[in-house]
Amino acid sequence: MLHLLNPAQRAAVQYLDGPCLVLAGAGSGKTRVITQKIAYLIEKAGMDARNIAAITFTNKAAREMNERVGHLMDAPRLRGLTVSTFHSLGMRILREEARHLGYKPQFSILDSADAGKIISDTLGTTDKQLIRSAVSRISTLKTDRISPDRAILMAESEGELHLARVYRIYQDTLMAYQAVDFDDLIRLPVDLFEQNAEVLKKWQQRLRYLLIDEYQDTNITQYLMVKLLTDITGQFTAVGDDDQSIYAWRGADMENLRKLQVDFPKLHVIKLEQNYRSVARILKCANAVIANNPKLFEKTLWSDLGIGDPIQVVECKSEEHEAELVAMKLLAHKFEANTSYKDYAILYRGNHQARIIETALRTHKIPYLISGGQSFFDRAEIKDVLAYLRLVANENDDPAFIRAVTTPKRGVGNITLERLGAYAADRQISFFQAVYEEGFIWQVQATQYEPLKTFCDFIGRLQYRAPREPAGQVLNELLEAIDYETWLYDSDEPKPAEGKWKNVLEFVQWVTRQGEEKGKDLIEIVQTIALITMLEGRDEEDVDALKMSTLHASKGLEYPHVFLIGCEEDILPHANSIEGGMVEEERRLMYVGITRAQRTLTITYCGKRKRAGEWQVTEPSRFLKELPAEDIRVSGRLAGGKPEQAISKTEGRAMLAGLLAKLS
DNA sequence: TGGTTAGTCGTTTTT
DNA sequence: CGACTAACCA
């Protein structure tokens, strides 16, 4: 196996004498290093798979890594291997150690929508901007491991004090719901490790070798987790690339790369500089752009995959034309090069940019998959069903209670709910518990109380059945009992309702499969859903479809032919980042985008764009001027010419027909 | 109590 | 232009 590696990769795999940092440029085979090292640890170093943990940043990456390790060795020897995200690992630790922190093992994981709702309630405002900023500031406090009490003490202004108080209420509310948020999944285990030497020792002994992927994206708490778990032995390999650090806004700190050298003086640094992904021109463009950033570590990427075609830079007249142009160029290229749809990807800065592309792709009947963006589990219909399941798993989950009890409508309205909420809040109990309290029964009339009681009894029956019966069966009967299908068709036009019901059925199928394949009961399945962003097991490779993705979500992926759209000032770099002086991170984003491409890269931007119904003139991205002139082919204003002639739908069809005629 | 409607507002990135 | 909300009516 080792002969498949280049000398630097092999050195990284074989180095076991202590902490190891692998600086891996884009496309330099870092996943290969990690998977091979797992195999090496088990086969050559004689380690038990149960003592090895590989940590990634996305579930998708974890899944892919699992698959690739599976190709390297037999399943029995991989039993007990941990390949998961920081958050999943944190959850696992927390479920096992919950009692040390005052939580029950079946705590819920709150999504950001629920978190935002708590904040908006405590803040007493509906101002989206305000809530957003409060949520993110509280999240920053949490990743910096500042407790509510300390935040109150440290507050230097009226505003900070207010925020700290909101933070405290928020945290108390989470505890009351028996829920944690994403930050807690990392923070609480770290807190526990620091307070409880025995628990720490237990996990140190369990996880004896750590492999951390995308190390440049760790925040300080995640770094502490690594440090605590490996402090005694320093047995870990961190793989990262400072040029691909694009999550600073989420607390990721490139300083963690430098800190590693300070905290572990014996740190062994290995650089991977050969790129196995892209042709030379693409790499040259990427290098040229990133050269405008100050460097943390010096490294030069090279490849021997040939020079490749020039990078195309095209100005379009509007968003519609951009979408149309991309669709046309794609179809033309596909026919000429005889490729598949899945060889193409369209990348963009913000999720909203996907919509217009989607319409163009649909009119041309181009199959596509969208990764990143709204998760399947975030759809309203799925969240409705999920609310029931969350409540079954944890009856203290008040947000789930409110959603479930009002969907479908069952005669419980705002007034009743408010009374119930007030009663529960007074006594520090959950909505669910309050329903069964003598004191509450007298507060509402029988006509209002009855549906509540019926609802809670129903949930109670499910709680009994969930651990005892197959997950799919219980879920099916739940949907039957609440007649969710009818409710969907009653509350929507037939067409969207049909789509929604299809999603629900897909969800049921997924749950059934999870139950059968992994032997999990309904509650166990629900407990992990909050962490899953994409429907796993949906074999995306089998479908021949073009991939659409945000630049952030595209990290770690590669495609033969890439379109990078919307390369305009205020989009990439984004206006807020320009204002906040964060252009360097945006440049890294551009770098990530360019380095996704293996063979061809087409960059587009619009001359004007409709924003909030108004036409707005736009400027090409400053990053385009950083591309080496000899490696790009420009059409449009950058070249001094006119914007690329717009292609209308009929023109497009004619062009396609001509192309097809020429080919046959 | 629940659904409809007319007005409002405004677009980063995600575990 | 379209999503999302707050007042309004059945």
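The chains referred to below are lettered A, B, ... by the order of the sequence lines, with proteins before strands, and numbering in each begins at 1. The figures here come from the full heavy-atom set of this structure, side chains too, leaving out hydrogens, waters and symmetry mates.
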With side chains defined as the heavy atoms from C-beta onward, is the minimum distance between A:Arg68 and A:Arg63 less than 4.5 Å?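 Answer no - side chains too far apart.
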
When the distance from [atom1] of [X] to [atom2] of [N] is rounded to whole Å, what number comes out?
X        : N      : atom1 : atom2 : value
A:Asp570 : B:dT12 : CG    : C1'   : 12 Å
A:Glu320 : C:dC1  : CD    : C1'   : 10 Å
A:Phe182 : B:dT15 : CZ    : P     : 8 Å
A:Ile578 : B:dT12 : CD1   : C1'   : 12 Å
A:Leu452 : B:dT1  : CG    : P     : 10 Å
A:Gln353 : C:dC1  : CD    : P     : 20 Å
A:Arg587 : B:dT13 : CZ    : C1'   : 18 Å
A:Arg92  : B:dT15 : CZ    : P     : 20 Å

By nearest atom, which of the nucleotides [options] is closest to the [X] side chain?
X        : options                : answer
A:Glu586 : B:dT12, B:dT14, B:dT15 : B:dT12
A:His552 : B:dT13, B:dT12, B:dT15 : B:dT13
A:Trp487 : B:dT15, C:dC1, B:dG3   : B:dG3
A:Asn351 : B:dT14, C:dC1, B:dT15  : B:dT14

Taking only side-chain N and O atoms of A:Arg355, does any of them lie within less than 4.0 angstrom of OP1 or OP2 on C:dA3?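 For C:dA3, OP1 or OP2 has a side-chain N or O of A:Arg355 closer than 4.0 Å.
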
Considering just the side-chain nitrogens and oxygens of A:Ser88, establish if one lies under 4.0 Å of OP1 or OP2 belonging to B:dT15.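 No, because none of the side-chain N or O atoms of A:Ser88 sits under 4.0 Å from OP1 or OP2 of B:dT15.
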
For A:Phe57, which contact category applies under a 4.0 Å heavy-atom criterion: base, sugar-phosphate, or nothing?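 If one applies the 4.0 Å heavy-atom cut-off, A:Phe57 turns out to touch the sugar-phosphate alone, with no base involved.
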
Partners meeting side chain to side chain contact (heavy atoms under 4.5 Å, CB included) with A:Ala134 (sequence neighbours left out):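 Scan of A:Ala134 (side chain to side chain contact (heavy atoms under 4.5 Å, CB included), adjacent residues dropped) gives A:Ile119, A:Leu123, A:Leu163.
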
Salt-bridge present (A:Arg250, A:Asp217; N to O < 4.0 Å):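 Here A:Arg250 does not pair with A:Asp217 in a salt bridge, since their nearest N and O are not under 4.0 Å apart.
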
Crowded around A:Glu255 CD? As in, over 12 foreign heavy atoms under 6.0 Å?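 Yes, enclosed.
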
Does CZ belonging to A:Arg362 count more than 12 external heavy atoms closer than 6.0 Å?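 Atom CZ in A:Arg362 is packed in, count exceeds 12.
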
pi-stack flag for A:His574 and B:dT12, centroid dist under 5.5 Å, interplanar under 30°: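 The base of B:dT12 is stacked with A:His574 (centres under 5.5 Å, planes under 30°).
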
Could you identify which residues of residues 244-253 of chain A place a heavy atom less than 4.0 Å from some atom of DNA chain B, listed by residue number, or say none?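 Close to the strand are A:Tyr247, A:Trp249, A:Arg250.
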
When the P atoms of C:dT5 and B:dT12 are considered, how many whole Å apart are they?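 To the nearest whole Å, 16 Å.
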
Mind listing the side-chain donor-acceptor pairs of residues 572-580 of chain A below 3.5 Å, one per line with the distance, residues two or more places apart or on another chain?
unit_1: A:His574; atom_1: ND1; unit_2: A:Asn576; atom_2: N; d: 3.1
unit_1: A:Ser577; atom_1: OG; unit_2: A:Glu586; atom_2: OE2; d: 2.8

Cationic tip of A:Arg588 above A:Tyr591 ring, under 6.0 Å, 45° of axis: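 No cation-pi geometry.
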
